[in-house]
Amino acid sequence: MMYVIKKDGTKEEYNVQKVVTAVNKSAYRALVKFSDEDIDFICDFVNKKVASMNKDFISISEMHNVVEYALESLNPAVAKSYKDYRNYKQDFVHMLDEVYKKSQAIMYIGDKENSNSDSALVSTKRSLIFNQLNKELYQKFFLTKDELQACRDGYIYIHDMSARRDTMNCCLFDVATVLKGGFEMGNIWYNEPKTLDVAFDVIGDIVLSAASQQYGGFTVPQVDKILEPYAEKTFQKQYDRYIGMGLAQEKAEEEAIKDVRKDMMQGFQGWEYKFNTVASSRGDYPFITITGGLGTSRFAKMANVCMLEVRKGGQGKKECKKPVLFPKIVFLYDENLHGPGKELEDVFEAGVDCSSKTMYPDWLSLTGEGYVASIYKKYGEVISPMGCRAFLSPWYEKGGMYPQDENDKPIFVGRFNIGAVSLHLPMIYAKAKQESKDFYEVLDYYLELIRRLHLRTYEYLGQMRASTNPLAYCEGGFYGGHLKYSDRIAPLLKASTASFGITALNELQELHNKKSIAEDGEFALEVMRYINKKINEFKEEDHVLYAMYGTPAESLCGLQVEQFRKQYGIVENVSDRPYVTNSFHCHVSEDLSPIQKQNLENRFWDLLNGGKIQYVKYPIDYNKEAIRTLIRRAMAMGFYEGVNLSLAYCDDCGHQELSMDVCPKCGSKNLTKIERMNGYLSYSRVKGDTRLNEAKMAEIKDRKSM
């Protein structure tokens, strides 16, 4: 009889079935299912090895080694899973110590990693503490040793580690499909709205519920066209009521239109209240974007104008109104509709007026140059941005990655991204130089690392059940999303994208030849073309929609400087500031005119189709003519363009200026200041404090052209 000596010194009769239970658990964690033949092999291997020892007692550590040998010869991934779990007690002590230290900092100091989170709130503190635990679990049980090392050193950055094992990232949510015919949410059946005011309420509930089941940006595309049929229903209901009251047809129509407009204004105002005050289960205010501008019917047009008027009017006490941050508004610009003298020029003018006061809307060209416009001009399909800047690659209805025939059309609404991993290009360049290796050889290593990580993420997420996000996977919010609760979501993932991000392109150029991308930029262009070529090769080989993404570095802009300094010290114009340059942009301190900045960044535009935005700072006092001119120029160039101002509001008297630290009217320092974070807006000051990290505040202080 053979006995196993356990860690606590007790003995237990040897039973190979306990080995079977343990290896099956490890296989499950590695997303592997052993066959009966596999289990027979493991049992036979372990039994023979144990018997060959000719001992009455075997320690648990020896048993573990035997099982590991068996798994290594069968499936190394499961062997790693088994080995990692062996020492979980020691690892968990360390992990919980890290979580405890982070929790103490969150409880008593706060957290500024995400400017959308108010870490003063109890619910946010709880979420942040859980996120820290989930991040530790992700690093321990999901990442390989090489991935973890690359991440900790700073050569790559895995975004949203606290959430990416659980769910997907940014999306274009198909609200219209969910609404049509009714749907179920939270075990309650919602009938399709019969009026506009109810539609606003229900859409608000859908958005908050679905957005809390993911991370990243949540976009409702072409909201004007979604609202249009419900506005028609309200109009008809009110018109019939007025006719029944004895009003003449012309008067009845006039009054019914007034009622629709009132519901529009109140509906958009209700969204602004809801989306800026109701935190999600993640503890933040969901990053909600709505796009519009193309609707030509009277009620679609009304929706666009009302949306802009509400945003321009602001929220707050009567004398102290200021714009809200959510939803982000994106204006879909068609030169044939919004150009001078065209059908919707007045809607364009309403957008310019709103941008000149609030920075939003951002502007997306559908008829200029480049990828987004080419799809619109060829197919009439709009690629709305997901969140602040992410864009989807085409997925065709019949052919998938490529059109099956000339009648095949791309699908964008209802699709999503599974996450981003960013390259720290200056770190990779410095490593290559230090080790006397070719830069592209070192870059290839990290590109392959990200590739494998994405593939494993697809495999892992595919095992999730549709019940994890019913509105998306079961009620039609996602393309193909009519699964049963118990179904796995793998079939829906084939149309999703995975992003290879890039940061600090300007610092890469500086490291290469001590010139900024405003001064030179040729090496930066060469690198962008190379990465694009590699990603396209991966795409063909893996049949996965990889995309290249200009990373919006928020807290990352400061972290990457610290990582670079630790490995390679302080280098002038590379790591001597508290932050690195965001994405592919010119450095914020460059003294460039808006036109110069547009021209310089245009070189990189078509190389980052998975995520990009262009913006310039307007050093002008609400000059609508200048803003109008530069927007039209950006639209002709095919940009997704942001209007950057520095907005400041006195919370005591309501006075507002483009930039102030003390109110010149009443002397108050109780100000709200709104700045461009990356592709979105955030508070650089609110109630005497900021939600932004120190690195981002240092960047804002240096801004001249951003």
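Numbers here are sequence positions counted from 1. Side-chain atoms are counted along with the backbone in the values below, which use heavy atoms only and exclude waters and symmetry mates.
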Non-neighbouring partners of [X] that pass salt bridge (charged side-chain N to carboxylate O under 4.0 Å, His left out), sequence neighbours left out:
{"X": "K322", "value": "D651"}
{"X": "K194", "value": "none"}
{"X": "E228", "value": "none"}
{"X": "K398", "value": "D405"}

Show every donor-acceptor pair shorter than 3.5 Å between a side-chain atom in residues 298-310 and any protein atom, with sequence neighbours excluded, or say none if there are none.
{"residue": "R298", "atom": "NH1", "partner": "E253", "partner atom": "OE2", "Å": "3.2"}
{"residue": "K301", "atom": "NZ", "partner": "D346", "partner atom": "OD1", "Å": "3.4"}
{"residue": "K301", "atom": "NZ", "partner": "D346", "partner atom": "OD2", "Å": "3.0"}
{"residue": "N304", "atom": "OD1", "partner": "G293", "partner atom": "N", "Å": "3.0"}
{"residue": "N304", "atom": "ND2", "partner": "D224", "partner atom": "OD2", "Å": "2.9"}
{"residue": "N304", "atom": "ND2", "partner": "A300", "partner atom": "O", "Å": "3.2"}
{"residue": "E309", "atom": "OE1", "partner": "R261", "partner atom": "NH2", "Å": "2.6"}
{"residue": "E309", "atom": "OE2", "partner": "R261", "partner atom": "NH2", "Å": "3.4"}

Return yes if a side-chain donor-acceptor contact under 3.5 Å exists between D240 and Q236, otherwise no.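 Judged by distance alone, the side chains do pair up.
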
For residues 380-390, run the donor-acceptor check on the side chains, cut-off 3.5 Å, and write out each pair with its distance to 0.1 Å, sequence neighbours left out.
{"residue": "S384", "atom": "OG", "partner": "T291", "partner atom": "OG1", "Å": "3.0"}
{"residue": "R389", "atom": "NH1", "partner": "G550", "partner atom": "O", "Å": "2.9"}

Please check if the number of heavy atoms outside K233 that lie under 6.0 Å from its NZ is greater than 12.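 Atom NZ in K233 is crowded, with more than 12 foreign heavy atoms closer than 6.0 Å.
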
Identify, with sequence neighbours excluded, every residue that meets ring-ring contact (aromatic ring centres under 6.0 Å, His included) alongside F200.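 ring-ring contact (aromatic ring centres under 6.0 Å, His included) check on F200 returns F268, W271.
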
Would you please name every residue forming a side-chain contact (heavy atoms from CB on, under 4.5 Å) with D197, sequence neighbours left out?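 Checked D197 against side-chain contact (heavy atoms from CB on, under 4.5 Å); matches are T195, D263.
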
Residues in side-chain contact (heavy atoms from CB on, under 4.5 Å) contact with K251, at least two apart in sequence or another chain: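 Partners of K251 under the side-chain contact (heavy atoms from CB on, under 4.5 Å) test: L247, E254, E255.
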
Is the closest basic N to carboxylate O distance between K624 and E349 below 4.0 Å?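 Between E349 and K624 there is no salt bridge, as every charged N stays at least 4.0 Å from the carboxylate O atoms.
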
For the side chain of R603 and the backbone of L600, is there at least one donor-acceptor N/O pair under 3.5 Å apart?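 Yes; at least one donor-acceptor contact below 3.5 Å.
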
So that I know where these two stand, are [X] and [Y] an aromatic pair - ring centroids less than 6.0 Å apart?
{"X": "F391", "Y": "Y371", "answer": "no"}
{"X": "Y615", "Y": "H585", "answer": "yes"}
{"X": "Y396", "Y": "Y402", "answer": "no"}

Could you give all pairs that pass the side chain to side chain donor-acceptor pair (under 3.5 Å) test and reach residues 468-483, with sequence neighbours left out?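 Matches after skipping sequence neighbours: none remain.
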
Looking at L681, L645, V686, which hits side-chain contact (heavy atoms from CB on, under 4.5 Å) with I674?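 With I674 as partner, L681, L645, V686 yield a single side-chain contact (heavy atoms from CB on, under 4.5 Å), made by L681.
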
Under the side-chain hydrogen bond (donor to acceptor under 3.5 Å, both in side chains) test, residues paired with S365 that sit two or more places apart: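 With neighbours one apart ignored, the set is empty.
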
What pairs meet the ring-ring contact (aromatic ring centres under 6.0 Å, His included) rule with one or both residues in residues 334-355, with sequence neighbours excluded?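 ring-ring contact (aromatic ring centres under 6.0 Å, His included) check on residues 334-355 returns F331-H338, Y333-H338, Y333-F348, F348-W363.
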
